[in-house]
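To keep things clear, I will list the structure first and then write my remarks on it.
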Amino acid sequence: MTPVLELEAITKRFGPLLANDGISLSLGEGEVLALLGENGAGKTTLMNILFGHYRPDSGEVRVMGRPLLPGRPRAALAAGVGMVHQHFTLAGNLSVLENVMIGSEPLLRFRSRRAEARARLLSLAERFGLPVTPEARVGDLSVGERQRVEILKALYRQARILILDEPTAVLARPEAERLFETLRGMAREGLSVIFISHKLHEVMAASDRVVVLRAGRMVAERATRDTTPAELAELMVGSRVVRPRRDRRASGDVVLEAQAVTLREGETTRLDCIDFTLRAGEILGIVGVSGNGQAALGRLLSGLARPTEGRLLLDGQDLSALGPRTLGRAGLGRIPEDRHAEGVIGDLPVWENATLERLREPAFSSGGFVRRGAARTHAQSLIERFDIRGATPDTRTRLLSGGNMQKLILGRVLASGPRVIVANQPTRGLDEGAIASVHARLLEARAQGAAVLLISEELEEAVGLSDRLQAIVKGRLSAPIAAEEADARRLGLMMAGVWDAQNAA
Amino acid sequence: MNDLLGLFLTASLWAAVLNIATPLIFGTLGALLCERAGVLNLGIEGIMTMGAMIGWLTVYGGGGLWTGLLVAAAAGALLGLLHAGLTVPLGLSQHVAGLGITLLASALAAYLYRLLVEIGDLPPTIVPFQPLRIPGLSDIPFLGEVLFSRTPPTYLALVAALVLGLVLARTPLGLAVRMTGENPHAVEAQGLDPVRIRIGAVVAGSALMGVGGAFLTTAAFNSFFPAMVQGRGWICIALVVFASWRPGRALLGALLFALFDAYQLRLQAVVPGVPYQLFLMAPYLLSILALTVVARRAQVPEALMAPYRRGER
């Protein structure tokens, strides 16, 4: 069988960084290939070369045996290569149909053939099970729907080879499963698919073949049925990665307590009469499908929202009226859900982000001036202590990878010696190595007597780290259960909103 | 009181509205086209001044009136190319480049005028566009005088609004322009070149601004003086926001502002005793008011003023 796509000895440098080092791979018709690797392994660079966003320093891409003109997305499109970008290339103010049609007609045509385009879009949507409303404004769609539009855009241009860059990074679990079903269906119709991922379970579930990249090199190629998640994990990281597990230890006194807290914003009730207690030296896991009030809980505990009813106590003192800064001073550290939007200010250097929350402390300012030397030293020590790679105190924070950015945020929180840590989805989007290090740090804080509230959608993570678990469903919180009593069935029921107060620990 | 309202029933008021609105329509459409592609063009004030000067100069030097408009358009396009060159491939600040163009073009227009034209006690004049009475239609009472007895550039402005509206909404090129203003990366990912689309839109938009300027010297008036654009360019920039970046509403906005202006001129005559400066302020105040009411829910092109650099996200 001739491969539909071949990459031969692709090499690409960005300054001193060798992003792709002589990578060769091929793709067969109707095949689903997973490109597996940690963040920064060079997966996206490789696909951007394939699609013509970048020009390789050396090497060649061939589609159906014919060399592809490098550095021209137009050539890739014409050859039948379609790409679904991780950061969607859509215009929020325009309609679905307009987003799909752009570039598909000669520019100087007197009038767009919208009716024709609409019919073709709908028939594609029908054929591949990707329902869309052509007239809908893209900005009003959910992330999952936007991804559908992005895929349809490629299909509309008659892509025979579909590249998806971390397609599940923005999707919830059920949506991701539906996506992979769709991709399987496409492969059955003869389309060839490459998807980038660093999630092992996806790769195992959805691919025929896996190519593993590490530090810009291709380190392995396996037929999916001949490999195991453990082997892939090791290939990907280069050594065995084991997520740390919690040891048993007695917890201390109650530090943080919510008493019948309700949070209403406008007409909607975000949190509905929730209760929890959090003790020193323990991790309390709040599990649930995203969109059930986790964001509101995070806002509440960072001082961005005030309870409408009920009380929030820290060491028995009401802190309902405190804002973000006073909460921080009271010993509450936070790891926000969206690190780009709330965790760091991307365009500021690392040292400013490391000290932003503490700029009023005498250690970092005197007489109204920032003590830059002290702040830089502090940032440097965080970089060393928390193994923040690719960073100096003066690096623009935006340039850090997700995992290293998260280490910076974590380091910033832990260095201030907080009594309570609110960690909201602390490992979302991170690769396996970074997840293990975040987990280790949280457990370390727990061992030192901090009280940790862990809000997470990843069950494995929540069960592995937490002493006790509560489920959040539609803004309500279940009674806590001990982690030892949590099995898949019980957690499933809890997350579906079926909980039994009598049974609770 | 009756006098004040009665003014609205006079055909001469509405005829004046169309005359005052014409340069604003051209300017607003031009600025709108630039912004739809993602480029703010604050060079407009200078481009209109240059258009006014060079359009007039062409006629004064013996060229035809239409040639004058054409030369003004070409001069606008050239200044637009400069603005596009600075802001699109080089990605410089659109504000700074635009203001620079305005300073450059205004000064250059005044300088060339002084250099090339001999000025006596009164500024030299040309024979401007005369009203073109459209046969048949201009005989309709009231409407005939208001709408169908205007100078040709006014008709051209109305047609331009219609054409630009259709092009943006209905053609592949229009979609490409709009998409470039929303997300140039999406344009590139679909095999088009956002840099060329932006340059093209800025050049075409600036040509429209040049024609708007030339209307002042070849139709509204018959001579040129350096301060004659009088902030109309800035009004156009505001009208684009008022119009929510839609050509139809831009036309409406220009007419509304012109109505305020024409009305206050007449009020000055009807209501004596009130300092005329207060009346002069009125259209601007009303515009600000309209802007706050209408433009709050406007859909700003998402990539407006964001320089596009290839391979950077």
Side-chain angles (χ1 to χ4, degrees), chain A residues 12 14 44-45 48-49 51-55 69 71-79 81-95 97-114 117 137-140 146 149-150 153-154 156-157 163 165 398-399, chain B residues 32 35-38 162-201 204 240-241 243-246 295 297-313:
Chain A
K12 174 79 184 171
F14 292 108
T44 300
T45 304
N48 277 337
I49 288 172
F51 191 64
H53 282 310
Y54 301 149
R55 197 185 283 265
L69 202 64
R72 293 246 181 277
R74 179 191 278 277
L77 282 166
V81 179
M83 181 149 174
V84 175
H85 298 78
Q86 184 182 3
H87 305 284
F88 302 146
T89 51
L90 297 170
N93 280 331
L94 304 187
S95 74
L97 184 62
E98 287 175 321
N99 270 283
V100 169
M101 283 181 76
I102 168 85
S104 67
E105 294 180 297
L107 270 191
L108 296 176
R109 181 176 280 178
F110 192 60
R111 208 176 154 163
S112 280
R113 297 191 184 145
R114 298 173 75 98
R137 191 177 155 269
V138 166
D140 296 334
R146 281 184 218 192
V149 177
E150 187 84 346
K153 222 164 82 172
Y156 188 84
R157 301 296 291 270
I163 307 164
D165 187 1
R398 197 154 66 85
L399 301 176
Chain B
L32 185 145
E35 292 187 27
R36 264 303 173 98
L162 185 73
V163 168
L164 186 64
L166 286 176
V167 165
L168 281 178
R170 299 275 177 85
T171 68
L173 187 65
L175 176 58
V177 168
R178 283 185 290 142
M179 186 68 94
T180 306
E182 299 286 343
N183 185 350
H185 298 287
V187 174
E188 203 227 337
Q190 291 299 294
L192 303 176
D193 186 347
V195 171
R196 283 159 77 174
I197 293 170
R198 279 195 167 172
I199 292 176
V240 174
V241 181
S244 294
W245 289 268
R246 288 161 199 273
R297 280 171 308 163
Q299 286 182 355
V300 188
E302 278 174 29
L304 180 58
M305 290 185 275
Y308 168 75
R309 290 185 190 94
R310 203 162 175 245
E312 202 178 89
R313 263 142 228 281

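Numbers restart at 1 for each chain; the letters A, B, ... are given by sequence-line order, proteins then strands.
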### Contact origin within A:L90 toward chain B - heavy atom pairs under 4.5 Å
backbone
### Query
Where on A:R55 is there a heavy atom nearer than 4.5 Å to chain B: the side chain, the backbone, both, or neither?
neither
### Task
Let me know if B:V300 has heavy atoms under 4.5 Å from chain A in its side chain, its backbone, both or neither.
backbone
### Query
For the candidates A:M101, A:R137, A:R72, which exhibits the highest count of non-hydrogen atom pairs separated by less than 4.5 Å from chain B?
A:R137
### Query
Below 4.5 Å, heavy atoms only, C-beta onward: do A:K153 and A:T89 meet side chain to side chain?
yes
### Task
Check whether A:R113 gets within reach of chain B through its side chain, its backbone, both or neither, counting any heavy atom under 4.5 Å.
neither
### Task
With a 4.5 Å cut-off on heavy-atom pairs, point out which of B:D193, B:V187, B:N183 contacts chain A the most.
B:N183
### Message
Can you tell me which of B:L192, B:L166, B:V167, B:L175 forms the most heavy-atom pairs within a distance under 4.5 Å of chain A?
### Response
B:L175
### Message
At a 4.5 Å cut-off on heavy atoms, which part of B:A169 comes close to chain A: side chain, backbone, both, or neither?
### Response
backbone
### Message
Less than 4.5 Å apart, side chain to side chain, heavy atoms only: is that true for A:D165 and A:V84?
### Response
no
### Side chains of A:R109 and B:T171 in contact at under 4.5 Å (non-hydrogen atoms)
no
### Summary
Between B:A37 and B:R198, the two heavy atoms sitting closest are O-NE, 2.8 Å
#### Entry: Closest-packed option against chain B by number of heavy-atom pairs under 4.5 Å, given A:G139, A:A76, A:G92, A:A154
A:G92
### Query
What part of A:F51 is in contact with chain B, defined as an atom under 4.5 angstrom from a non-hydrogen atom: side chain, backbone, both or neither?
side chain
### Query
Any side-chain heavy atom of B:P172 sitting closer than 4.5 Å to one from A:R111?
no
#### Entry: Between B:Q299 and B:W245, a side-chain donor and acceptor under 3.5 Å
no
### Query
Between B:H185 and B:Y308, is a side-chain contact (heavy atoms from CB on, under 4.5 Å) present by the stated rule, with each step listed?
CA-CA 8 Å; B:H185 298 287; B:Y308 168 75; 3.5 Å; yes
